[in-house]
Each structure stands twice: as C-alpha cells, then as structure tokens.
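Here, residue 1 is the first one in the sequence, and each next residue gets the next number. Counting starts at 1 for both ligands and their atoms, following the listed order. All values reported here derive from a predicted model rather than from experimental measurement.
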Amino acid sequence: MNYISARGGIAPVPFGNAVLTGIADNGGLFLPDSIPDATGRLAEWRSLPYADLACEIIGLYADTPAVALRGIVERSYSTFRDPDITRVVSVGPVFVLELFHGPTLAFKDLAMQFLGNLFEHLLGKSGASLNILAATSGDTGSAAIHGLRGRDGVRVFVLHPRGRISKTQERQMTTVLDDNVFNAAVEGTFDDCQRMVKELFSDTPFKRAHALGAVNSINWARVLAQIVYYFYAAFRVMDCTDAPAVRFAVPTGNFGNILAGYLAARMGLPIDRLVLATNDNDVLARFFADGAYRPAPVVSTPSPSMDIQVAGNFERYLYYRFGEDPAAVSRFMDEMARNGTASVAPLPDGRMDDLIAAGSADSDATLAIMREYHKRYRYLADPHTAVGLAVATRHMDEAIPMICLATAHPAKFGETIRQALGDDAAARHPIIDRLGSLAARCDVLPASVAALREYVAARVAEA
Ligand SMILES: *Cc1c(COP(=O)(O)O)cnc(C)c1O
C-alpha cells in the first residue's frame, strides 16, 4: 500500500517515507491510497489478544515485514500496565474504554510507544539518525519523550514554556534521564515555543543538515496505531452485550483520535455513530452543526489537551467527506488560508455527516458530570473523558451500547478533581506520586530561535 497526499499533487510514497517525513512536500497530510475492507476478517479477529489484533490491522497498511512488525508491536505494548493494554469497563449507562494504562497515563502512549519503535526500525534499516523537535503545552511532550527514550538513532528535543505547565507534566518530562532526551524550559509562552520550533523547521538547510523530524499528531503512524483499540473495544462490548453494533464518544482536540474511529468504521467495523465531543473550543462541534469551519480564539478549560481551534487532522476527514477528491480538499484549505474560514454543503438529508454527531460541554457541565459519575457509579473520570461522557448522554440509544473513550488517568489532573469533588483522594496514582522524589534534568533557553539553533546543533555535534 502506498500513501498519497490529502491535497493531491505528489507521487505516491511507501509507508516508511510517509512516517519519517510526517507531512508531504506540498503541505498535505498522508493518507493510504485505499482503505482495506476488513468485513470478512471480523469473525476471525474477534478473539485476538491486543498485540495480535494490532499486527493484523497495522499489517494491512504497512509494508513492514511481519516478523519485524510483531517485534515493534510487542515492544510498544509491553510498557503498558494492563495485560489487556486497553481495558473496557461497564460504568452506569455506558462502557468506558480506558486508554490510559501506558507510561504517561494518557491515550497518546498508544500511538507514541508504537511510533518510537517504528522509527527505530525504519532508521535501523538505513543507518540514518533523526532528531525529533517538539513544542509542548503538556501531554504530547511527555508521551513523545517516553516513546523515544533510549532509542537508537533518535534524539528528542522538547520545548515547554518555563513555569507555565503543571508540575506533574513538567516532572513527567524532566525526570526522564536517558542520554537521547533533551528538555528545554523556554523563558516565554507556549506560543513562543511553537514559533521557535516552526522557524527552525522552516530553515531547510538546517533541517536537512541536522535531520530534524516531528512526532505531531498528524503523523500517519499515530493515527494507524489508534485504529486498533476501536476494533478491540467493539469486540469486547459486542461479546458481552450481543449488540450488532456500537457507538463511540470521543473527546476531541486535533481530530486525531476520532479520525482513527472513522477509519475503523470505513474498514467495516460496525460503528453506527461516532459522537465527537469538544470543550468550549467547539470549532468542530460547530462545523458538524452547520458545515462552516470557523476557528475562534482559544480559551482555557479544565481539559487543556483539547484547547485547540485548528484541528490538525481535520484535513484527512475532509478527503473522505469530499468523496476522496484531493482537489476539493485543496480548495477548502486554500480558502481557509485566504479567509480564515471555509464551509462544506450538507448531505441530501440535511445532516453534515452520516456517521459523526457532535456536541460540546462547557466547564460547568464537565465538572458536573465528573461529580455525577463519581457519586452514582463510583467512577472517577479525568476532565477530558468527562467532556465525552457529557456529550454521550445526549446520543444514547437503547439497542446500541455507547463506548466512551477515557483519554487520561484522573491523577494527572488533581487540581480539577479537587475543584469538582472537594479533594483529590480518589485521584492518586503511584507513578504520579513518585515523580516528586525523582532526579530531574532540564536546560533553560531564552525565547529565541537563535538560541534553539545553537542548542540543537551543539547536542547533535556531540555524538
Ligand atoms: C491529546 C488529548 C486529547 C485530544 O485528542 P485528539 O487526538 O487531539 O483529538 C484528549 N484527551 C487527552 C487527555 C489528550 O492528551
């Protein structure tokens, strides 16, 4: 299988190229040239353990030899604390799919552990090295560091705004002491960090000379790894309910997680609805209401990993929404660049999509549902998961089970738990409790691209 750009205009490239380059030269996002139909495989996949299922699904999209892929998958998921990797639990009226049993207690581990092992494999083949550069406001940075720590051929540089992320998030990154991990606390804001990274990436000679790479949520391998748990969870829930299909509720920021569900449905998994849930940064919920994509200024909410107004992976959805017409995607993206907004016509039945339904939950609704689930069902959801739970309640169906994706462990958000419940006694995790006593390493950088250039160049030269 080869990879094309959602905006067209490039010759198809093999899987490894799409993963290592991250983004096509014309700025478009990579997509498989076709989506495999798995309808005929569902019965045989249904009883597979997580790692076996991952090999089957990923194997349809990747040209990685089966033995190598098996090794990558096994190494990636051996770092998870749950033998099932992702766990489905029945909670009141819904099922909760817990995606937070990886090293950083957030769903990004499912993709980032896989990406780290995949990079190592792809680089090992060519003997090349790669220097990953990322700016983070919290979760992505720590998942990337834990996915890439100790990997041959890879260094990872993560910039965070000094003193502006939570102590937990900071320590989850800076207590990783592997030689190939470099944390830089920037004396500025998250926007400064992002600007510095972007500017260095746009310096093409520097980028080439220092083999800079990215691990952001638009990397195809991340989406691919996420498809697996939709199948795995649907099978578990269909096993115990005998239902013919399931629904998923997905707390959404960059459209990465829900895109994987969308692809699972297109592969033939019986998903009768995907419920897209946003916080007050509701650009996607508004799109699915009236077809206009109109980003607004970002506001802070109790679910910070979803405080996003430009959803990186949305372009991939548009490709399918426009009937796999890259020219239409290109026109939409051009119009966005020109006018800051663009729109899509509704389907003949007036809906915006026949699979996705969307809604948003504000901060009060988020905290209220956290209290309700804790009080009635003794289940403590983190604030991101809670956004999904709140929107899910508006899309329930007697005959079809609802699976709500739990994207982080509540212990990562003690402050919000205290706000919702009065104390955070129920939100503890030994990994988080231990962070305070570990040694840490971090450099401080002024908010200037010149300083970043020097920092990266010096460390790459050391090897
Ligand atoms: C990143 C993140 C999300 C949003 O996922 P997207 O793929 O960006 O839609 C939701 N919850 C948590 C805890 C996250 O870290």
Side-chain angles (χ1 to χ4, degrees), residues 29 86 96-113 115 134-147 165-166 168-169 172-173 190 215-227 229-230 248-264 274-285 287-288 298 301-317 356 358 360-361 366 370 380-391 404-414 416-417 427 429 432:
L29 304 196
T86 62
V96 174
L97 168 57
E98 295 183 345
L99 300 172
F100 52 70
H101 297 292
T104 75
L105 308 179
F107 95 98
K108 290 186 174 70
D109 289 329
L110 269 309
M112 218 61 105
Q113 291 289 312
L115 188 62
T136 189
S137 56
D139 276 347
T140 306
S142 65
I145 286 172
H146 285 262
I165 60 175
S166 80
T168 299
Q169 289 174 323
Q172 276 192 305
M173 297 194 289
F190 172 59
V215 288
N216 37 25
S217 74
I218 56 173
N219 193 299
W220 168 251
R222 287 184 57 183
V223 177
L224 176 55
Q226 292 167 181
I227 295 174
Y229 51 71
Y230 283 89
F248 284 96
V250 190
T252 307
N254 254 321
F255 207 87
N257 197 351
I258 194 166
L259 178 75
Y262 185 78
L263 293 169
L274 282 171
V275 177
L276 180 154
T278 72
N279 61 26
D280 276 327
N281 297 286
D282 61 352
V283 57
L284 289 168
F287 171 83
F288 284 98
V298 175
T301 73
S303 45
S305 297
M306 293 154 57
D307 291 348
I308 290 169
Q309 290 278 351
V310 179
N313 270 296
F314 190 58
E315 171 181 334
R316 286 190 166 115
Y317 162 76
I356 299 176
S360 63
T366 305
M370 287 166 71
L380 184 55
D382 101 284
H384 302 79
T385 305
V387 169
L389 290 171
V391 177
C404 295
L405 271 54
T407 52
H409 190 286
K412 291 192 84 165
F413 301 95
T416 306
I417 305 289
H429 194 287
I432 303 293

Considering non-hydrogen atoms only, spot the tightest contact between Ile417 and Met370 and give its length.
-> CD1-CE, 3.6 Å
Non-hydrogen side-chain atoms of Leu405 and Phe107 separated by less than 4.5 Å | no
Contacts for ligand 1, heavy atom under 4.0 Å, by chain and number, are Phe107, Lys108, Asp139, Thr252, Gly253, Asn254, Phe255, Gly256, Asn257, Ser305, Met306, His384, Thr407, Ala408
Do you see a donor-acceptor pair shorter than 3.5 Å between the side chains of Arg222 and Asn219?
-> no
Given the side-chain rings of Phe255 and Phe287, with only the six-membered ring counted for Trp, is the space between their centroids under 6.0 Å?
-> no
Measure the spacing between CG of Leu105 and CG of Asp139 and express it to the nearest 0.5 Å.
-> 9.5 Å
Quick one: list whatever passes side chain to side chain donor-acceptor pair (under 3.5 Å) with Thr301, sequence neighbours left out.
-> Asn279, Ser303, Asp307
